[in-house]
Amino acid sequence: MALPWALAVLSLLPLLEARSLGCANFTAAPMTNATLDRISGKWFYIAGASHNPEYLEFMKTYQASYFYCDANHTEDTIQLREYSTIGNKCVYNFSILTVQRENGTITTNEMGREHIGHVWFTKDPSIILFVYFPDDKQKIALFFCADKANVTEEQMSEFHEAIVCVGMDKSEIMYTDEKQDQCGPLEKQHEEERKKKQEEA
Ligand SMILES: *[C@@H]1O[C@H](CO)[C@@H](O)[C@H](O)[C@H]1NC(C)=O
Ligand SMILES: *[C@@H]1O[C@H](CO)[C@@H](O)[C@H](O)[C@H]1NC(C)=O
Ligand SMILES: *[C@@H]1O[C@H](CO)[C@@H](O)[C@H](O)[C@H]1NC(C)=O
Ligand SMILES: *[C@@H]1O[C@H](CO)[C@@H](O)[C@H](O)[C@H]1NC(C)=O
Ligand SMILES: *[C@@H]1O[C@H](CO)[C@@H](O)[C@H](O)[C@H]1NC(C)=O
Ligand SMILES: *[C@@H]1O[C@H](CO)[C@@H](O)[C@H](O)[C@H]1NC(C)=O
């Protein structure tokens, strides 16, 4: 009688082990100057999933989004310039995030509250995951970002792994579509303004 049970447990074991091994890599590590440099640059928001109604609403409105991070090692801040397409319009936002190095987190003040994002790196330096409420199944939110708008299958499967690790389902993922981007002209204008300023300086 014990045999079917034992077999079931045995066949589950490798699965469980594989899962916990892979998931061990999805955690926030303390931030260093090197990881701050890794965050700096242009990123595309590719996809996200959330159990937090507030974040979910927000994700649903995003047709496309990319952003520039500019980390300051001495102040432990990140200047964030976001270009999001919402309702077929470009919405630009500038904000300053503070870095909690020891926790591997970044904090923004939006809608009158603090939002703490845990930064998860993978072995692929071209992708970053931002995770909110990683320990709360009712509120968890995952944002998947990459340095290109078109990610590879391997990069997408890393994100899918992370989704499964945190107990969400792939069907919950909402994808953006770079083709719907309306921010190109504004980004170009900002670039030209910056160049002009540098030339003047
Ligand atoms: C976890 O990360 C380590 C170090 O980057 C890497 O060698 C290993 O392959 C990763 N494991 C998985 C399952 O991705
Ligand atoms: C970092 O911030 C300090 C203080 O505001 C400023 O003096 C410095 O130029 C900044 N560094 C960079 C790389 O922006
Ligand atoms: C990080 O960068 C800052 C500013 O460049 C420097 O003062 C500090 O010593 C660096 N920290 C490490 C651990 O290298
Ligand atoms: C780091 O995390 C701990 C535990 O959640 C928290 O008590 C602490 O305030 C955090 N540190 C910073 C600088 O946010
Ligand atoms: C832009 O920033 C404001 C103020 O921080 C915030 O209320 C708003 O939700 C942001 N919009 C986007 C699209 O990020
Ligand atoms: C992504 O787009 C770039 C430029 O359009 C192209 O060179 C590259 O091959 C594409 N990569 C993938 C994985 O589709």
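Read the numbers this way: they start at 1 and go in the same order the structure lists the ligands and their atoms.
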Task: Cationic N near anionic O, under 4.0 Å, K196 to E193 - done: no

If we number the atoms of ligand 3 from 1 as shown, the ones under 4.0 Å from a heavy atom of T74 are 4 (C)

Exercise. Report the relative orientation of the aromatic rings in Y92 and Y83; use parallel for angles under 30°, tilted for 30 to 60°, perpendicular for over 60°.
Key: tilted

### Query
Under 3.5 Å between some N or O of ligand 3 and some N or O of N33?
yes

Distance col, row M156:CE vs I46:CD1, nearest 0.5 angstrom, shows 6.5 Å

Query raised in the report: Is the closest heavy atom of E102 to ligand 4 under 4.0 Å?
Result: yes

**Message:** Quick check: Q100 and ligand 4, any N/O pair under 3.5 Å apart?
**Reply:** no

- For residues F44 and T176, determine if any side-chain heavy atom of one lies less than 4.5 Å from a side-chain heavy atom of the other. no

query = Can any side-chain N or O of Q63 pair as donor or acceptor with the backbone N or O of G87 at less than 3.5 Å?
reply = yes

Min over D70, N72, D76 of heavy-atom distance to atom 8 (C) of ligand 2 lands on N72

- Message: Please check: side-chain N/O of S40 versus main-chain N/O of A71, any donor-acceptor pairing under 3.5 Å?
- Response: yes

- request: Flag atom 11 (N) of ligand 2 as yes if some protein heavy-atom distance to it falls below 4.0 Å, otherwise no.
  value: yes

query: Should the pair Y62 and F58 be assigned to parallel (<30°), tilted (30 to 60°) or perpendicular (>60°) ring geometry?
result: tilted

In this structure, atom 4 (C) of ligand 2 is nearest to the protein heavy atom E75 OE2, 3.5 Å

Atom 1 (C) of ligand 4: closest protein heavy atom, distance to 0.1 Å, is N103 ND2, 1.5 Å

Is there at least one protein heavy-atom neighbour under 4.0 Å from atom 14 (O) of ligand 4?
yes

Ligand 3 to H73, heavy atom cutoff 4.0 Å, flagged ligand atoms 2 (O), 3 (C), 4 (C)

